[in-house]
2 protein chains.
Amino acid sequence: MQLITIQPEALFQSLADETRLRIIRLLATAGEEACLCELVDSLREPAYKLSRHLKILRQAGLLSSQKEGRWVYHRLVSNLPHLEALHATIHALPDPDHAYQADLARFKERMCLREGGRCRVGILSDDLKMEAK
Amino acid sequence: MQLITIQPEALFQSLADETRLRIIRLLATAGEEACLCELVDSLREPAYKLSRHLKILRQAGLLSSQKEGRWVYHRLVSNLPHLEALHATIHALPDPDHAYQADLARFKERMCLREGGRCRVGILSDDLKMEAK
DNA sequence: TGCATAATTGCACTATAATGCAATTATATG
DNA sequence: CATATAATTGCATTATAGTGCAATTATGCA
């Protein structure tokens, strides 16, 4: 499921985007897996955008994704020495404008809606639902 | 000399390029500072190219550069927790096609030409000199 | 002061990557 | 089987970033 030879620069490439770094920092600090709709509500970014960035992170070997019914849960991969080291780096990153802190706060609140540890609701933020026909 | 607020994604952005990552890995593994011509001979890339990438790394807060006569020495910055962690990550990176190992071997050889710990010769690789008038 | 050289930079060009919209796929449920 | 919805993707557009050449700057030295 993961590439045998990951080019190191592709690893950093995948973190060189604000949205992707927000995703990774959130999952790293929360120590949790999350589905797309939970990320949408936490980061307040449209689903199509996050979905694409999640794919990039998966291809870079940073995330693994697992489908459960209609939901897809994304979690950090950390079975390699350089990935462990990378997570330590991410934990040590500064948060100058408290953007990550805000993401994490929304995420924690969102996690309260889980039932039996699983997501049972869709996107809650009205302005990010696609149903705006 | 260095920015007060470095955006974390700019840090990864600066490592998301093969040439820049080669520079950083070389300086990190060698534990040495190096001038441009030494890097040109070690990485076998044209001076104008490396010079530009060095500038980007400097602006990202990863390198500091110091002029000594005609030579400019570049060294890693590591006075911050997340930079220390980043160096650990870089040390843990795989080297699938042994490119970094080759860079380091050329660098060590090149360092033998120093006198009193300072570079005294220019670019040695004939095909990378600009004098090809 | 003139020349050689270490290093940098302006400019044009090309390649790559992010974005938004709309459509589509896949799954659960009445 | 029809509908709702979680998630993904095709496409056109825009923005960003790397490259090579040639010119320029800055320094040491004869």
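Here is the naming used below: chain letters follow the sequence lines, and residue numbers restart at 1 for every chain.
- A heavy atom lying under 4.0 Å from DNA chain C marks the following residues of residues 49-56 of chain B, by number: B:Ser51, B:Arg52, B:Lys55.
- Atom P of nucleotide D:dA7 and atom CG of A:Leu39 are separated by 9 Å, given to the nearest angstrom.
- Rounded to whole Å, atom P of D:dG20 lies 13 Å from atom CG of B:Asp127.
- A pairwise comparison of heavy atoms in A:Ile123 and A:Ala47 identifies CD1-CB, 4.2 Å as the closest pair.
- Across the protein-nucleic acid pair, A:Leu43 atom CG and C:dT19 atom P stand 13 Å apart, rounded to whole Å.
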Next item on the list: Check the pair B:Ser65 / B:Arg58 against side chain to side chain donor-acceptor pair (under 3.5 Å), numbers first and verdict last.
Entry: CA-CA 7 Å; B:Ser65 304; B:Arg58 209 181 311 129; 2.8 Å; yes
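- Tracing side-chain contacts under 4.5 Å through hydrophobic residues (I, L, V, M, F, W, Y), one never reaches A:Leu63 starting from A:Val72; they form parts of separate clusters.
- Regarding contacts with the backbone of D:dA7, every side-chain N or O of A:Lys67 stays at 4.0 angstrom or more from both OP1 and OP2.
- Side-chain heavy atoms closer than 4.5 Å link hydrophobic residues (I, L, V, M, F, W, Y) into clusters, and following such links, possibly through other members, connects A:Phe12 to A:Leu93.
- The hydrophobic cluster around A:Leu124 extends to A:Leu113, A:Val121, counting ILVMFWY residues whose side-chain heavy atoms fall within less than 4.5 Å of a member.
- Put simply, CD on A:Gln59 is 11 Å from P on C:dA18, counting in whole angstrom units.
- For DNA chain C, no neighbouring residue in residues 11-26 of chain B is found when judged by any heavy atom under 4.0 Å.
- Between the CG atom of A:Leu36 and the C1' atom of C:dA26 there is a distance of 14 Å, rounded to whole Å.
- Residue contacts shown for B:Cys35 are limited to sugar-phosphate atoms, with no base heavy atom under 4.0 Å away.
- If you take CG of B:Asp41 and C1' of C:dT5, they are 14 Å apart, rounded to a whole angstrom.
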For nucleotides 28-30 of chain C, list the nitrogen or oxygen atoms of the protein found under 3.5 Å from its nitrogen or oxygen atoms, one pair per line.
none

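- We find that CG of B:Leu124 is positioned 13 Å from C1' of C:dT5, with the value rounded to whole Å.
- Apart from B:Trp71 itself, the hydrophobic cluster it occupies contains B:Tyr73, where clustering links Ile, Leu, Val, Met, Phe, Trp and Tyr at side-chain heavy-atom distances under 4.5 Å.
- Residue B:Ile56 shares its hydrophobic cluster (ILVMFWY side chains chained together at separations under 4.5 Å) with no other residue.
- A:Arg44 and A:Ser125 share a donor-acceptor pair across their side chains, judged by distance under 3.5 Å alone.
- With respect to the salt-bridge test (charged N to carboxylate O, under 4.0 angstrom), the residues A:Glu33 and A:Arg118 qualify.
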Margin query: I'd like to know whether B:Glu9 forms a salt bridge (charged side-chain N to carboxylate O under 4.0 Å, His left out) with A:Arg20, so could you lay out the CA-CA distance, the side-chain angles of the two residues, the decisive distance to 0.1 Å, and finally the verdict.
Written below: CA-CA 9 Å; B:Glu9 63 267 19; A:Arg20 290 197 292 268; over 6 Å; no
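- Contact annotation: A:Tyr48 side-chain N/O to D:dT9 OP1/OP2 distance is not under 4.0 Å.
- The salt bridge (charged side-chain N to carboxylate O under 4.0 Å, His left out) with B:Glu45 is formed by just one residue from the set B:Arg106, B:Arg52, B:Arg22; it is B:Arg22.
- Whole-Å rounding puts the B:Arg58 CZ to C:dA7 P distance at 12 Å.
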